Structure formats: structure tokens, C-alpha cells
Amino acid sequence: TRQLKQYRYMDEGPTVSVILELNEHLGIGAEASEVVRELRQFRVTCQPDSLDVQLRVLRQSGKICHFQLELAPLRKEIVPEDTVPRLRGKEGKR
């Protein structure tokens, strides 16, 4: 489990987007952009003051890795039932 203290967010009125730099946070460099393909690789669990992101990837070496990123405390309160993960950005910069 990696405890993240730095992340970006966008407040879009009723929606708050949390932006994670996977190339930095996973500890595998630019390979993170290449191995993240689909939203179903992610499991996101939200609480009002924290966010737990789990990600499973097939590395280029053929090894399956499971990452857990915990964001606590959050800068903005979230409403768990309204949480929808999305992949954004160019494939090489997710």
C-alpha cells in the first residue's frame, strides 16, 4: 500500500475529479502508462475523507502486479455513491 499525500484535483461544481500521476505513483516509471488499458483494471473505494484505489496490471515482463494507492486525508470531501473512475490523457501520459 502506498500512502499518497500529493495529488491534483479539479472542482467542477457538483463533481470533484482526483487526478493521479500513475507514472510517478506506481513506482514503475513510464511503463505504468503502457500497462493501464481499461477501467476494469481499477477498483475504487470511497469514504467521505479518503480514497482507496487498487489497480492490477500485467507488466511487460509478464508478471501480474497489484497496486494499492490510499489517499487520506482528501482535500475535498467526496460522496461515495457518485464516484466514477475514468481514464484520461494520452496513452503515454496516464
Side-chain angles (χ1 to χ4, degrees):
T1 301
R2 293 177 187 256
Q3 181 74 31
L4 300 180
K5 296 288 184 189
Q6 295 182 344
Y7 57 92
R8 294 182 301 135
Y9 70 92
M10 292 176 22
D11 189 346
E12 301 168 343
T15 303
V16 174
S17 299
V18 175
I19 302 162
L20 303 175
E21 300 291 341
L22 296 179
N23 287 350
E24 294 176 25
H25 297 315
L26 295 185
I28 60 174
E31 183 183 356
S33 293
E34 297 171 18
V35 296
V36 173
R37 299 277 182 224
E38 301 174 333
L39 285 176
R40 66 182 182 170
Q41 289 176 265
F42 291 87
R43 292 288 180 257
V44 179
T45 305
C46 299
Q47 300 297 325
D49 63 347
S50 66
L51 181 68
D52 179 63
V53 179
Q54 297 192 36
L55 169 64
R56 186 166 291 162
V57 297
L58 176 61
R59 304 245 349 235
Q60 293 171 342
S61 65
K63 181 179 177 184
I64 296 175
C65 292
H66 181 92
F67 298 94
Q68 182 175 5
L69 306 172
E70 184 179 11
L71 285 71
L74 289 175
R75 293 183 206 157
K76 295 284 259 179
E77 185 175 349
I78 57 175
V79 180
E81 61 267 12
D82 293 339
T83 302
V84 179
R86 290 189 200 143
L87 289 179
R88 289 191 178 180
K90 295 180 181 178
E91 255 184 58
K93 295 202 172 201
R94 288 187 181 146

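Keep in mind that what you see is a predicted model, and the values were worked out from it rather than measured. Throughout, residue positions are numbered sequentially from 1 according to the sequence presented.
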Chemist: Given 3.5 Å as the limit, does a donor-acceptor pair link the side chain of Q41 with the main chain of V35, or not?
Modeler: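 Yes, Q41 side chain to V35 backbone: donor-acceptor pair under 3.5 Å.
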Chemist: Testing the basics here: between R56 and I64, what is the closest heavy-atom pair and its distance to 0.1 Å?
Modeler: CG-CG2, 3.7 Å
Chemist: Report yes or no: does E31 contribute a side-chain atom to a donor-acceptor pair with the main-chain N or O of Q60 at less than 3.5 Å?
Modeler: yes
Chemist: Measure the shortest side-chain to side-chain distance between H25 and R2 over non-hydrogen atoms and say whether it is less than 4.5 angstrom.
Modeler: no
Chemist: Show your working on side-chain contact (heavy atoms from CB on, under 4.5 Å) between L51 and L69 and close with a plain yes or no.
Modeler: CA-CA 8 Å; L51 181 68; L69 306 172; over 6 Å; no
Chemist: How far apart are the closest heavy atoms of S33 and N23, and which atoms are they?
Modeler: OG-OD1, 2.7 Å
Chemist: Any chance you could measure D49, atom CG, to L71, atom CG, to the nearest 0.5 Å?
Modeler: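 With rounding to 0.5 Å, CG (D49) is 11.5 Å from CG (L71).
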Chemist: May I have the step-by-step check of side-chain contact (heavy atoms from CB on, under 4.5 Å) for F67 and I28, ending in yes or no?
Modeler: CA-CA 11 Å; F67 298 94; I28 60 174; 4.1 Å; yes
